[in-house]
There are 2 protein chains.
Amino acid sequence: MSVTSEIVKDFKNFIKKKGLKYTSEREEILKEILKSKQHFDVDELYMKLRKKGSKVSKASVYRTIPLLVEAGYIQEVYKQDSRSYYEVTLDKLPHIHFICIKCKSVDEIIDDYLAERIQEEAKNKNYTPLTYHLEIFGICHKCKKGV
Amino acid sequence: MSVTSEIVKDFKNFIKKKGLKYTSEREEILKEILKSKQHFDVDELYMKLRKKGSKVSKASVYRTIPLLVEAGYIQEVYKQDSRSYYEVTLDKLPHIHFICIKCKSVDEIIDDYLAERIQEEAKNKNYTPLTYHLEIFGICHKCKKGV
DNA sequence: TTTAATCTTGAGAATAAGTTTCAAATTAAA
DNA sequence: TTTAATTTGAAACTTATTCTCAAGATTAAA
Ligand SMILES: [Mn+2]
Ligand SMILES: [Mn+2]
Ligand SMILES: [Zn+2]
Ligand SMILES: [Zn+2]
């Protein structure tokens with residue numbers, strides 16, 4: 001069984017356990033998201049679905065995202081220009097996002113040690129950490145060179 | 001000379017150097033911000049000014065904030081519910097903000113080592129870091145105990 | 001199956017932070 | 001002063017996200 005259909009089955013279970021109804025819209029949205037290999041926002045996702053001929057409304061996309069976050073398949077990873085960006089978080093720990101303030105490009109940096117230390121800091125302060133956002137704002141290599 | 005009037009003088013200089021005009025509105029806003037000991041958002045700041053009898057408009061508050069960020073007196077430190085929060089950054093390095101997803105309280109955690117490592121990570125990747133946001137989302141001690 | 005209760009949907013209205021517009025007021029240099 | 005350039009307040013605008021509600025879909029029971 002493919003990873004995707006495994007997740008779809010899991011999601012159906014999750015929905016049922018919550019006493020909600022499993023709909024084709026919810027499944028369509030999940031499947032489309034699982035195809036994304038990068039960060040995405042609601043508009044991008046919605047446009048992809050429409051192009052494929054899907055009839056889901058933007059409202060349903062907005063309504064499904066919190067469910068997928070709760071189920072643990074995606075996470076909000078940063079906000080830019082008052083828009084939220086998400087990414088699939090299968091086996092993926094939170095990580096650093098470097099955001100270039102000139103070209104708005106976003107790059108990922110993984111640092112396991114840093115991730116661990118962040119967890120520790122929360123625990124030291126008697127907090128129960130769930131997730132985190134670490135965004136470094138600056139100038140990327142290309143913009144520095146004036147490309 | 002007080003720290004505040006020193007900064008006010010500096011700010012006047014900064015404004016002049018940019019070829020802009022030094023106005024009472026800009027000074028009022030700066031002075032009010034310097035009084036804040038915690039994180040603030042535009043609405044809070046605007047309300048404080050109005051209560052004091054100030055006639056500044058919200059538009060001017062929105063227009064002055066980027067100048068104060070550029071001058072280095074304040075920084076945007078996190079976003080919550082589609083609102084930006086700022087704080088005075090006199091001698092204050094960026095630091096960790098722990099945000100309780102239940103009570104929405106925000107706590108600060110300082111970790112110089114972490115701060116240094118974040119800078120290094122950016123440089124390793126050939127980025128010029130300017131600032132960063134590190135927000136840990138979780139449950140605070142009080143909320144865990146059900147207070 | 002049918003039924004019936006409950007939930008979800010799409011469409012569009014509503015909300016609200018932040019930005020823009022523009023005429024009137026203010027600044028600052030001469 | 002005079003004058004050119006900038007800034008202001010008020011209100012209109014923009015835009016992501018949320019809300020509303022009637023119509024349609026799902027589910028468990030009959
Ligand atoms: Mn990422
Ligand atoms: Mn802080
Ligand atoms: Zn760049
Ligand atoms: Zn709390």
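So that the names make sense, note that chain A is the first sequence line, chain B the second, and so on, each numbered from 1. Since this is a predicted model, take the numbers as computed values, not measurements.
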Taking 4.0 angstrom as the limit, do [X] and [Y] come out as a salt bridge?
X: R117(B); Y: D111(A); value: yes
X: E70(A); Y: K18(A); value: yes
X: K58(B); Y: D43(B); value: yes
X: K52(B); Y: E28(B); value: no

When all nucleic acid strands are considered with a 4.0 Å heavy-atom cut-off, which category describes K58(A): base, sugar-phosphate, or nothing?
-> nothing
Whole Å only: how far is the [atom1] atom of [X] from the [atom2] atom of [N]?
X: Y86(B); N: dG18(C); atom1: OH; atom2: P; answer: 6 Å
X: E28(A); N: dG10(C); atom1: CD; atom2: C1'; answer: 13 Å
X: R26(B); N: dT27(C); atom1: CZ; atom2: C1'; answer: 11 Å
X: L67(B); N: dT19(C); atom1: CG; atom2: C1'; answer: 15 Å
X: K18(B); N: dT7(D); atom1: NZ; atom2: P; answer: 10 Å

Would you please classify the geometry between the Y127(B) ring and the F98(A) ring as parallel, tilted or perpendicular, with 30° and 60° separating the classes?
-> parallel
Can you name the residues that form a salt bridge (Lys or Arg N to Asp or Glu O under 4.0 Å) with K16(A), not counting sequence neighbours?
-> none
With Q119(A) via side-chain hydrogen bond (donor to acceptor under 3.5 Å, both in side chains) - residues at least two apart = none
How would you list, by chain and number, every residue that makes a side-chain hydrogen bond (donor to acceptor under 3.5 Å, both in side chains) with K102(B), sequence neighbours excluded?
-> none
Do I99(B) and Q80(B) touch side chain to side chain, with heavy atoms closer than 4.5 Å?
-> yes
Is there a side-chain contact between R26(B) and L20(B) (heavy atoms, below 4.5 Å)?
-> yes
Would you check if the side chain of Y132(A) reaches a backbone N or O of P94(A) as a donor-acceptor pair within less than 3.5 Å?
-> yes
Classify every nucleotide of nucleotides 20-30 of chain D by which part a protein heavy atom approaches to under 4.0 Å, writing B for the base, S for the sugar-phosphate alone and - for neither, in 5'-to-3' order.
-> B-----BS---
Residues from residues 69-83 of chain A sitting under 4.0 Å of DNA chain D, heavy atoms only?
-> S82(A), R83(A)
With a 4.0 Å heavy-atom cut-off, tell me which residues in residues 29-46 of chain A come close to DNA chain C, sorted by residue number.
-> none
Look at S60(B) and dT7(D) and indicate whether a side-chain polar atom (N or O) is within less than 4.0 Å of OP1 or OP2.
-> no
Any Y62(A) side-chain nitrogen or oxygen under 4.0 Å from OP1 or OP2 of dT17(D) | yes
Of R50(B) and G19(B), whose closest DNA chain D nucleotide lies nearer the 5' terminus?
-> G19(B)
